[in-house]
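Working notes, structure below.
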2 protein chains.
Amino acid sequence: MEQESKTMSEFNNFFKSAFSVDNVIFGFDEGDLKVLLIKRGADPFKGMWALPGDLVYPNEDLNTAAVRVLEELTGISDVYLEQVRAFGAVNRHPLGRVITIAYFSLININKYVVTAASFAQKAKWHSVSTVKDLAFDHNQILDACYNLLKQRVRTRPIGFELLPHKFTLTALQHLYEAILETELDKRNFRKKILSMNLLIDLNETQEGVAHRPAKLYKFDNDRYDKLVQDGFNFELKESRRKLMAE
Amino acid sequence: MEQESKTMSEFNNFFKSAFSVDNVIFGFDEGDLKVLLIKRGADPFKGMWALPGDLVYPNEDLNTAAVRVLEELTGISDVYLEQVRAFGAVNRHPLGRVITIAYFSLININKYVVTAASFAQKAKWHSVSTVKDLAFDHNQILDACYNLLKQRVRTRPIGFELLPHKFTLTALQHLYEAILETELDKRNFRKKILSMNLLIDLNETQEGVAHRPAKLYKFDNDRYDKLVQDGFNFELKESRRKLMAE
DNA sequence: TGGTTTTAGTGTATTCCTTACACCTTCTTT
DNA sequence: AAAGAAGGTGTAAGGAATACACTAAAACCA
């Protein structure tokens with residue numbers, strides 16, 4: 001939303017009420033969950049970091065707009081993308097009534113290419129854990145998206161979307177640990193993940209590491225599709241806290 | 001949304017783009033999950049059943065609008081209400097671009113009073129399982145809300161919102177069975193529910209039933225609030241299907 | 001009034017999943 | 001060839017989910 005390239009009169013065309021999409025684009029790098037933010041070059045909130053977004057064109061579906069925002073900024077399409085919810089507090093936008101539909105998407109950070117749009121908008125990856133003081137209500141939006149991601153990652157095998165095509169089990173575990181902000185037991189994690197039969201052993205190993213190289217796996221899309229049709233429920237439990245006790 | 005009492009010129013004020021809320025109001029009666037629908041008295045979709053909704057006023061928060069729709073129609077406020085998501089397909093509204101934010105709410109059907117608004121709009125409870133051919137994209141919205149309800153009811157103790165203040169364990173079980181469209185084992189259900197210590201035994205029994213009267217319980221709000229603060233996770237499992245086998 | 005009807009209410013054994021936990025293997029580096 | 005670093009593996013114990021059947025309490029009726 002709130003794209004700065006629009007003139008004020010174009011902007012006014014969308015009012016009295018306008019709607020936008022904002023996209024929380026997650027990536028994973030250096031053992032850390034990242035989010036792609038852009039630095040605002042114009043008021044309101046000039047100079048502050050914000051979620052990438054845009055007003056929705058009159059003849060454009062919401063999902064299409066979210067995909068467009070992602071594609072223009074990153075050059076990537078065909079990724080995991082899900083609507084979270086609408087944010088519509090009356091005063092969330094200083095220039096008028098704008099509600100925004102929040103999306104989150106998961107991309108393999110290595111596929112990210114700096115596009116003209118992302119260059120112009122000074123896009124940069126930030127660690128989710130340290131983000132603060134975003135423009136508009138974007139902190140609130142980020143929180144909501146991150147919470148949904150935490151839930152999704154437990155109940156659907158979407159973590160893979162954040163990794164390269166080929167990955168090691170340790171990388172996968174680190175990803176889950178970063179997202180869930182918890183430590184997982186190596187043996188139990190592997191047992192659980194492998195028991196789902198959603199990984200294909202590529203019979204390849206890492207190269208160029210200064211230790212025993214790990215086996216590489218890829219995600220089994222075909223098998224996943226079959227399981228989804230059947231009502232499959234991926235579930236990953238956190239270490240159980242004892243809460244029922246009085 | 002799409003309230004018929006607006007004149008065409010008032011309606012036009014909201015366009016080019018307008019947004020509305022639609023509210024899926026669930027109730028429980030006669031062992032059956034119900035949804036409150038209104039019969040449209042004007043085009044578009046004149047004569048068809050639709051979800052209650054309205055355009056959002058320029059200075060009104062989305063949640064406020066959803067509460068207002070519920071209150072005007074039913075006379076009830078202060079109930080469980082949650083946003084589901086936005087629906088914004090370009091052609092979802094025949095008169096122009098209108099996106100809608102879907103909410104669902106849970107009410108005790110006995111508290112429902114026929115208001116002037118609900119009378120004028122011919123509001124009526126329908127069994128969720130038999131609803132079809134709603135106006136606009138309202139079937140799709142109902143489906144999404146029902147799916148979220150199924151999920152919520154497993155992970156949060158919100159079922160109580162649909163029952164009278166005092167209820168029996170059998171009534172509670174029937175409610176869960178209706179929502180989840182599955183049968184539950186009586187003993188296991190009671191064990192699970194009671195082990196959460198979220199019910200207060202009122203030391204009262206049913207009256208006027210032609211069989212052994214059941215004990216009455218009420219929901220323990222205070223204890224629930226404490227548990228929520230602590231990150232409590234209510235969980236109700238379905239009978240486990242064997243899905244991992246190849 | 002006693003028998004019939006109807007729903008309420010209760011316990012246990014089995015199975016399966018979750019958890020906790022430590023050592024050997026394989027590769028690189030020096 | 002020894003040290004360093006991460007990879008990879010199995011088992012026992014505890015706890016939750018499941019399956020399952022009879023007795024208890026009230027109203028109704030003959």
Side-chain angles (χ1 to χ4, degrees), chain A residues 30-31 154-155 163 166-178 180 182-218 232-245, chain B residues 30-31 154-155 163 166-178 180 182-218 232-245:
Chain A
E30 299 163 353
R154 283 185 185 289
T155 52
L163 294 176
K166 301 176 180 186
F167 53 86
T168 67
L169 292 181
T170 301
L172 186 61
Q173 183 179 341
H174 289 338
L175 169 64
Y176 275 95
E177 290 177 334
L180 298 173
T182 181
E183 287 199 357
L184 299 169
D185 178 271
K186 181 164 64 165
R187 279 182 285 193
N188 293 339
F189 178 79
R190 286 166 181 241
K191 204 186 314 173
K192 182 88 188 182
I193 290 286
L194 291 174
S195 75
M196 295 178 172
N197 290 112
L198 283 170
L199 296 189
I200 297 174
D201 184 343
L202 290 168
N203 291 312
E204 296 176 50
T205 52
Q206 283 179 303
E207 280 173 26
V209 288
H211 53 78
R212 174 176 176 179
K215 293 168 80 172
L216 292 171
Y217 293 84
K218 68 169 182 147
F232 169 64
N233 206 346
F234 178 90
E235 187 138 355
L236 205 65
K237 292 270 173 66
E238 73 190 309
S239 345
R240 188 167 300 238
R241 287 182 275 169
K242 312 292 178 193
L243 285 161
M244 304 307 303
Chain B
E30 298 164 354
R154 282 185 186 289
T155 51
L163 293 177
K166 302 176 179 183
F167 52 86
T168 67
L169 292 181
T170 301
L172 186 61
Q173 183 179 342
H174 288 339
L175 168 63
Y176 275 94
E177 290 177 335
L180 298 173
T182 180
E183 286 201 357
L184 300 169
D185 178 90
K186 182 164 65 164
R187 280 182 286 196
N188 293 339
F189 178 80
R190 286 166 182 240
K191 205 186 312 173
K192 182 88 189 183
I193 290 287
L194 291 174
S195 75
M196 295 176 170
N197 290 112
L198 282 170
L199 296 189
I200 296 174
D201 183 343
L202 290 167
N203 291 312
E204 295 175 52
T205 53
Q206 283 180 304
E207 280 172 26
V209 289
H211 55 78
R212 175 175 177 180
K215 291 167 81 173
L216 293 170
Y217 293 84
K218 68 171 183 144
F232 168 66
N233 206 345
F234 179 91
E235 187 139 353
L236 206 66
K237 292 270 175 64
E238 74 190 308
S239 343
R240 186 168 303 238
R241 284 181 276 169
K242 314 291 179 195
L243 285 160
M244 302 309 301

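Side chains are part of it too, since the values below use all heavy atoms of this structure and drop only hydrogens, waters and symmetry mates. Since we're looking at a predicted model, the values are computed, not measured. A note on names: the letters A, B, ... follow the listed sequences, proteins ahead of strands, and every chain is numbered from 1.
In this structure, of dC27(C), dA25(D), dG10(D), it is dC27(C) that holds the atom nearest to the side chain of Pro213(A).
Distance CZ (Arg154(B)) to C1' (dA17(D)): 13 Å, rounded to an integer number of Å. Put simply, CZ on Phe189(A) is 14 Å from P on dT19(C), counting in whole angstrom units. We find that CD of Glu207(A) is positioned 12 Å from P of dC27(C), with the value rounded to whole Å. When the C1' atom of dA26(D) is taken as reference, atom CG of Leu216(B) falls 15 Å away, rounded to whole Å. One interatomic measurement links the two molecules: CD of Gln173(A) to P of dG8(D), which rounds to 12 Å at whole-angstrom precision. For the pair Leu184(B) CG and dC20(D) P, the computed distance is 15 Å after rounding to whole Å. Atom CD in Glu183(A) sits roughly 15 Å away from atom C1' in dT19(C) (whole-Å rounding). Spacing between atom CD of Gln206(B) and atom P of dA24(D) amounts to 20 Å, rounded to whole angstrom units.
For Lys186(B), no side-chain nitrogen or oxygen approaches OP1 or OP2 of dA8(C) to under 4.0 Å. Proximity of Arg190(A) to the phosphate of dG8(D): a side-chain N or O atom is located under 4.0 Å from OP1 or OP2.
The nearest heavy atom of DNA chain C to Arg212(A) and to His211(B) marks one nucleotide each, and the one closer to the 5' end goes with His211(B). In terms of position along DNA chain D, the nucleotide closest to Ala210(A) lies nearer the 5' end than the nucleotide closest to the other residue of the pair Asp185(A) and Ala210(A).
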Does the pair Arg154(B) and Leu180(B) meet the rule for a side chain to side chain contact (heavy atoms under 4.5 Å, CB included), with working shown?
CA-CA 9 Å; Arg154(B) 282 185 186 289; Leu180(B) 298 173; 3.9 Å; yes
Would Thr168(B) and Leu216(B) count as a side chain to side chain contact (heavy atoms under 4.5 Å, CB included) if you check the C-alpha gap in whole Å, the side-chain angles of each, and the deciding distance to 0.1 Å?
CA-CA 5 Å; Thr168(B) 67; Leu216(B) 293 170; 3.7 Å; yes
Give the intermediate values and the outcome of side chain to side chain contact (heavy atoms under 4.5 Å, CB included) for residues Leu194(B) and Tyr217(B).
CA-CA 10 Å; Leu194(B) 291 174; Tyr217(B) 293 84; 4.1 Å; yes
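Lys191(B) contributes a side-chain N or O that forms a donor-acceptor pair with the base of dT12(C) under 3.5 Å.
Using a 4.0 Å heavy-atom distance criterion, Thr170(A) is classed as a sugar-phosphate-only contact. Counting non-hydrogen atoms under 4.0 angstrom, Lys215(A) reaches the backbone sugars and phosphates but no base.
Across all their heavy atoms, Phe189(B) and Leu169(B) have their closest contact at CE2-O, 3.9 Å. Between Leu184(B) and Glu177(B) the shortest heavy-atom distance is N-OE2, 2.9 Å.
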